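First up is the structure itself, then whatever we jot down about it.
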Number of protein chains: 2
Amino acid sequence: MTLEMVAARAGVARQTVSNAINSPELLRPQTLERVRRAIDELNYRPHRAAQALRTRASRLIGYGIRPSLGGVATPVLDEFLHAISDAADQAGYRVVLFSAPPDEELERYQQLLDEQGADGFVLSGTHRGDRRQAWLHKKGVPFVAFGRTWTGRDVGDWVDIDGAAGTAAAVRHLAALGHRDIGFLGWPKGSGAGDDRAQGWHDAMRDLGLPVRNRRVETPTDLALASQAADRLLDGGVTAVVAASDALAAGCYQALHRRGRTPGTDVAVVGFDDSPVATMLWPSLSSLAQPIEAVGRECMRLLLDRLNGVQREAEHVLLPPELIVRDSV
Amino acid sequence: MTLEMVAARAGVARQTVSNAINSPELLRPQTLERVRRAIDELNYRPHRAAQALRTRASRLIGYGIRPSLGGVATPVLDEFLHAISDAADQAGYRVVLFSAPPDEELERYQQLLDEQGADGFVLSGTHRGDRRQAWLHKKGVPFVAFGRTWTGRDVGDWVDIDGAAGTAAAVRHLAALGHRDIGFLGWPKGSGAGDDRAQGWHDAMRDLGLPVRNRRVETPTDLALASQAADRLLDGGVTAVVAASDALAAGCYQALHRRGRTPGTDVAVVGFDDSPVATMLWPSLSSLAQPIEAVGRECMRLLLDRLNGVQREAEHVLLPPELIVRDSV
DNA sequence: GCTCCTCCTTGGAGCGATCCAAATACTTCC
DNA sequence: GGAAGTATTTGGATCGCTCCAAGGAGGAGC
């Protein structure tokens with residue numbers, strides 16, 4: 001099924017059919033109608049590769065995925081992929097996945113560009129020392145990141161969750177319930193998102209005149225270690241804990257269970273991500289839900305601008321997470 | 001960067017460069033070496049769209065994703081996507097995502113085929129009444145499914161987890177520990193995977209001469225409902241529960257907690273999927289881990305056969321899950 | 001009726017690769 | 001040394017689409 005065949009059927013030239021699809025305003029209404037009917041009858045769709053070859057645009061958006069690191073690392077990735085894929089589809093684009101192992105990440109991006117396998121990229125999991133943004137920017141490749149530029153010069157568009165606003169909201173909520181001794185269970189310093197979430201807790205505590213000293217502990221995302229870290233907070237006598245993730249909150253649950261205390265009743269706990277785990281824990285975990293759908297939509301909006309050659313300053317979108325209150329507070 | 005430019009640099013004809021890439025055995029060693037050097041120096045990569053146009057093969061594999069239904073529905077999808085994407089990359093293919101809302105699912109597959117946007121498909125989440133396999137088979141489109149053909153004539157290749165083997169293993173493990181009263185917490189009849197898992201429990205119980213009557217309850221994946229369903233099992237006096245998913249197992253945990261009993265100590269519980277939740281629950285949940293990496297590899301192996309035009313009978317691969325024993329038994 | 005102008009429609013060229021068949025280079029053997 | 005045969009290399013055509021510039025139809029104005 002080609003343009004030529006549609007043209008024959010409609011009794012017009014090849015180019016006229018092309019115009020009917022790409023610049024319908026050029027055609028006389030009755031011609032347009034005739035061509036459209038032929039397209040419908042034959043169920044014609046342009047050949048993507050031919051379009052791509054001629055227009056030098058694949059209408060594909062690259063999304064580099066790192067090898068799975070045990071699964072826990074990316075609890076929200078799934079939903080995010082859904083969101084950008086949906087949004088891309090509506091704009092006539094599609095998302096193409098490619099493997100990007102950390103050690104040869106940029107080479108893989110380069111490869112996709114060389115073979116014109118993608119017109120732009122969506123990055124996720126941006127981190128300190130991430131070279132992708134600067135690299136893509138320098139090459140003038142359209143891209144958008146889910147996650148801020150944590151280091152170096154801030155280049156390109158990004159969309160991110162306002163982690164600080166989230167943990168601050170959690171602190172205020174807990175303070176309103178009478179808690180004064182609120183600890184923070186976070187990741188080791190140096191991770192962008194983690195530091196951001198810690199900052200929100202810290203600032204909100206300060207604002208409320210609550211003590212922060214010795215009330216912040218750090219741990220990697222390992223349940224046993226997280227649980228031990230939570231122990232240190234509990235030993236310090238906190239009555240509430242804000243965690244940097246639901247996984248860490250689960251570690252806190254374990255620490256409480258071990259000492260025969262009940263989350264929610266004895267010590268309040270708030271997680272982050274509102275992952276499926278939150279409802280499955282007992283008692284159900286209050287958590288900060290990330291508006292992933294909205295993040296995906298915003299990402300595509302910004303990226304489409306760039307793909308369409310819109311010239312504008314870099315735009316940054318910061319979306320607040322929503323505190324979902326459950327039985328743990 | 002085109003073939004022509006590489007050819008100019010190497011001092012040969014366009015076609016010779018093409019042969020160097022696609023049929024190196026045709027070239028004289030020294031010519032091959034010269035061309036290869038030119039390719040390296042210029043960092044040349046073939047233009048995908050041009051290749052696709054000429055060879056009528058996009059080297060893209062379609063993966064239709066349904067709108068996210070709240071996230072819980074697909075705990076393993078993430079890992080699976082990683083797996084097939086990695087395997088595809090190694091074979092020179094890439095995975096392209098497209099939205100396939102249930103009501104116009106086949107139209108979207110058709111669209112991708114019409115525009116030659118994919119050479120084959122990977123299906124997941126096959127279910128009773130799934131029309132995709134028969135439809136693709138009839139059209140002669142290469143595809144492979146993660147999940148059996150649950151209804152109708154069994155067509156095409158598939159890879160699946162042997163759910164029955166998994167639950168049977170769980171039952172045998174529990175029986176070996178002395179449990180005789182083992183309940184099954186499953187989904188409503190009619191879901192392929194759910195019935196399969198129930199069957200494994202049922203058959204193993206029979207084999208061991210253990211009672212099954214009134215020891216199987218059904219519930220949708222909703223924590224409150226699952227918890228009530230678990231109550232009915234516990235009221236019946238079971239000493240162990242095998243659940244069709246970790247989410248249902250979590251419901252069982254809640255039922256136990258509510259009546260002041262401890263999972264593992266008072267009643268043994270085994271989940272299914274070995275999702276991140278399993279380690280986060282307290283006590284940690286024993287579960288049946290799906291070898292998703294292997295599923296992905298096998299899927300790609302079968303699909304690549306079809307893409308390469310290998311003629312053979314439909315192949316079915318059934319991989320056993322592995323029982324991960326934790327504190328809940 | 002004719003010119004001029006605008007609005008639509010059309011054929012030719014080319015995007016970058018591979019298929020194909022023909023041309024050339026190199027061996028082998030007498 | 002030359003014919004015959006095989007091994008390499010080459011140029012032309014083509015995939016389906018869009019760019020471009022030129023061609024034709026139709027209407028306004030004199």
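Below, read A as the first sequence line, B as the second, and so on, with proteins coming before strands; counting in each chain starts at 1. A quick note: this is a predicted structure, and the numbers were derived from the prediction, not measured.
Put simply, the side chain of B:Thr151 gets close to the backbone of B:Gly129: a donor and an acceptor are under 3.5 Å apart. Under the 3.5 Å distance criterion, the side-chain polar atoms of A:Arg148 are matched with a main-chain donor or acceptor of A:Ile161.
Across residues 89-98 of chain B, not one residue has a non-hydrogen atom less than 4.0 Å from an atom of DNA chain C. Within residues 12-30 of chain A, the residues that have a heavy atom under 4.0 Å from DNA chain D are, in order of number, A:Arg14, A:Gln15, A:Ser18, A:Asn22. Contacts between residues 38-52 of chain A and DNA chain D, counted as heavy-atom distances below 4.0 Å, involve A:Tyr44, A:Pro46, A:His47, A:Ala50, A:Gln51.
Residue pairs that meet the ring pair (Phe, Tyr, Trp, His ring centres under 6.0 Å) test with at least one member in residues 43-66 of chain A, sequence neighbours left out, do not exist here. For residues 99-121 of chain B, every residue pair satisfying the ring pair (Phe, Tyr, Trp, His ring centres under 6.0 Å) rule, not counting sequence neighbours, is listed here: B:Phe98-B:Tyr109, B:Phe98-B:Phe121, B:Tyr109-B:Phe121. Residue pairs meeting the salt bridge (charged side-chain N to carboxylate O under 4.0 Å, His left out) criterion with at least one member in residues 22-34 of chain A, sequence neighbours excluded, are A:Glu33-A:Arg37. The list of salt bridge (charged side-chain N to carboxylate O under 4.0 Å, His left out) pairs with a residue in residues 15-24 of chain B, not counting sequence neighbours, is empty.
Using modelled atom types, one finds no donor on one side chain facing an acceptor on the other under 3.5 Å when comparing B:Gln90 with B:Asp86.
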Verify salt bridge (Lys or Arg N to Asp or Glu O under 4.0 Å) between B:Glu41 and B:Arg36, making sure each step is shown before the conclusion.
-> CA-CA 9 Å; B:Glu41 285 167 6; B:Arg36 286 214 164 126; over 6 Å; no

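For the helix from C:dT9-D:dA22 to C:dC30-D:dG1, the axis fitted to the five pairs at one end and the axis fitted to the five pairs at the other end meet at an angle of 40° (nearest 10 degrees).
Judged as a salt bridge (charged side-chain N to carboxylate O under 4.0 Å, His left out), and not counting sequence neighbours, the contacts of A:Arg14 are A:Glu4. Here B:His316 pairs with B:Trp158 under the ring pair (Phe, Tyr, Trp, His ring centres under 6.0 Å) rule; sequence neighbours left out.
More than 12 heavy atoms of other shown residues, nucleotides or ligands fall within 6.0 angstrom of atom CZ in B:Arg312. Within a 6.0 Å sphere centred on CZ of A:Arg131, other residues, nucleotides and ligands contribute 12 heavy atoms or fewer.
In this structure, B:Arg94 and A:Leu112 have side chains that are in contact, with non-hydrogen atoms separated by less than 4.5 Å. The shortest side-chain heavy-atom distance between A:Asp162 and A:Asp160 does not fall under the 4.5 Å cut-off.
Between B:Arg306 and B:Glu315, no side-chain nitrogen of the basic residue sits less than 4.0 Å from a carboxylate oxygen of the acidic one, so the salt-bridge criterion is not met.
First and last contacts of DNA chain C with chain A, using any nucleotide atom under 4.0 Å from a protein heavy atom and ordered 5' to 3', fall at C:dC8 to C:dG16. Taking every nucleotide of DNA chain D with any atom under 4.0 Å from a non-hydrogen atom of chain A, the first and last of them, 5' to 3', are D:dG16 to D:dC20.
For the salt bridge (Lys or Arg N to Asp or Glu O under 4.0 Å) criterion with A:Glu115, the lone passing option out of B:Arg48, B:Arg59, B:Arg45 is B:Arg48. Across B:Leu302, B:Leu307, B:Ile61, B:Leu123, a single residue satisfies side chain to side chain contact (heavy atoms under 4.5 Å, CB included) together with B:Phe143, and that is B:Leu123.
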